Enquirer: 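Pasting in a structure now, in structure tokens, and then I'll have a few things to ask.
In listed order, ligands and their atoms are each counted from 1. The structure presented is a predicted model; accordingly, all values stated were derived computationally and were not measured.
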Amino acid sequence: MKTVLTGVVIAAFAIVPWPAGMGEPLAHAADGDVRKGKAIYEKHCVLCHGPQGRGDGPVGKTINPPAADFASAASKKKPDAELLATIEKGRPPTAMVGWKGQLSDAEMQDVLAYVKSLRQ
Ligand code: HEC
């Protein structure tokens with residue numbers, strides 16, 4: 001009986017997958033994939049929002065209003081849904097354009113996850 005039980009326990013451990021993203025806590029910042037989001041960010045967002053998301057990219061700091069600083073207290077308070085809506089629809093009349101159509105829903109989730117990882 002005891003050996004059977006041990007076998008079951010070992011089997012249970014064997015089939016439980018290693019928790020995804022162990023050692024990369026940022027991977028779960030939102031539903032999106034932070035790594036994919038980083039690539040999208042570097043292609044489409046970094047010129048305005050800057051490498052650290054402070055709104056100080058070469059373009060972002062020259063426009064008025066400047067690109068949003070994701071680490072600001074005001075931005076940190078905004079829920080995912082609000083940030084996602086801004087990514088989708090933009091914020092007229094600022095330079096922030098909507099990305100729906102250019103990015104898929106999954107890509108917008110990914111880039112949101114990356115944006116949130118820049119808040120720390
Ligand atoms: C042309 C410059 C520019 C580009 C490119 C750009 N943004 Fe923005 N973004 C802005 C500006 C300007 C604002 C609004 C700032 C304000 O309201 O004061 C903004 C606001 C935002 C906000 C809202 C932040 C908040 O706290 O309300 C999010 C989220 C955001 N951008 C994400 C992105 C993402 C993701 C990309 C790339 C897919 C991107 N932006 C590309 C200029 C830009």
Enquirer: Report yes or no: do Val59 and Val46 belong to one cluster of Ile/Leu/Val/Met/Phe/Trp/Tyr joined by side chain heavy-atom distances under 4.5 Å?
Expert: no
Enquirer: Which heavy atom in Gln109 sits nearest to a heavy atom in Leu84, and how many Å separate them?
Expert: NE2-CD2, 3.7 Å
Enquirer: So is Phe70 touching ligand 1 or not, going by heavy atoms under 4.0 Å?
Expert: yes
Enquirer: Give the contacting part of Glu82 toward ligand 1: side chain, backbone, both or neither, where contact means a heavy-atom distance below 4.0 Å.
Expert: neither
Enquirer: Note the single closest protein heavy atom to atom 25 (C) of ligand 1, along with its residue, its atom name and the distance in Å.
Expert: Lys78 NZ, 3.4 Å
Enquirer: Quick check: closest heavy atoms across Asp56 and Lys61, and the distance to 0.1 Å?
Expert: O-CD, 3.9 Å
Enquirer: Can Val111 be said to touch ligand 1, with heavy atoms closer than 4.0 Å?
Expert: yes
Enquirer: For atom 5 (C) of ligand 1, what is the nearest protein heavy atom, given as residue, atom name and distance?
Expert: His44 O, 3.3 Å
Enquirer: Among protein heavy atoms, which sits nearest to atom 26 (O) of ligand 1, and what does the distance come to when rounded to 0.1 Å?
Expert: Ser75 OG, 2.6 Å
Enquirer: For the residue pair Lys116 and Asp80, what are the closest heavy atoms and their distance?
Expert: NZ-OD1, 2.8 Å
Enquirer: Please give me the protein atoms (N, O or S only) lying under 2.8 Å from atom 8 (Fe) of ligand 1, ordered by chain and number.
Expert: His49 NE2, Met96 SD
Enquirer: Could you list which atoms of ligand 1 come closer than 4.0 Å to a heavy atom of Pro65?
Expert: 12 (C), 18 (O)
Enquirer: Is the shortest N/O to N/O distance between Tyr41 and ligand 1 below 3.5 Å?
Expert: no
Enquirer: Can you name the closest pair of heavy atoms from Arg119 and Ser75 and give their distance?
Expert: NH2-O, 3.1 Å
Enquirer: Evaluate the ring planes of Phe70 and His49, with Trp represented by its six-membered ring, and classify them as parallel (under 30°), tilted (30 to 60°) or perpendicular (over 60°).
Expert: parallel
Enquirer: Within the distance-only criterion (no hydrogens, no angle test), does the side chain of Asp33 pair as donor or acceptor with the backbone N or O of Asp110 below 3.5 angstrom?
Expert: no
Enquirer: Could I get the full list of side chain to side chain contact (heavy atoms under 4.5 Å, CB included) partners for Lys89, not counting sequence neighbours?
Expert: Ala85
Enquirer: I need the minimum non-hydrogen distance between Val111 and Cys45, along with the two atoms involved.
Expert: CG2-SG, 4.0 Å
Enquirer: If the threshold is 4.0 Å, N to carboxylate O, is there a salt bridge linking Asp105 and Lys100?
Expert: yes
Enquirer: Using modelled atom types only, decide if a donor and an acceptor are shared between the side chain of Tyr41 and the backbone of Gly50 within a distance under 3.5 Å.
Expert: yes
Enquirer: Does even one non-hydrogen atom of Ala74 get within less than 4.0 Å of ligand 1?
Expert: no
Enquirer: Where on Ser72 is there a heavy atom closer than 4.0 Å to ligand 1, on the side chain, on the backbone, on both, or on neither?
Expert: neither
Enquirer: Please report which non-hydrogen protein atom sits nearest to atom 15 (C) of ligand 1, along with the residue it belongs to and the distance in Å to one decimal place.
Expert: Pro66 O, 3.5 Å
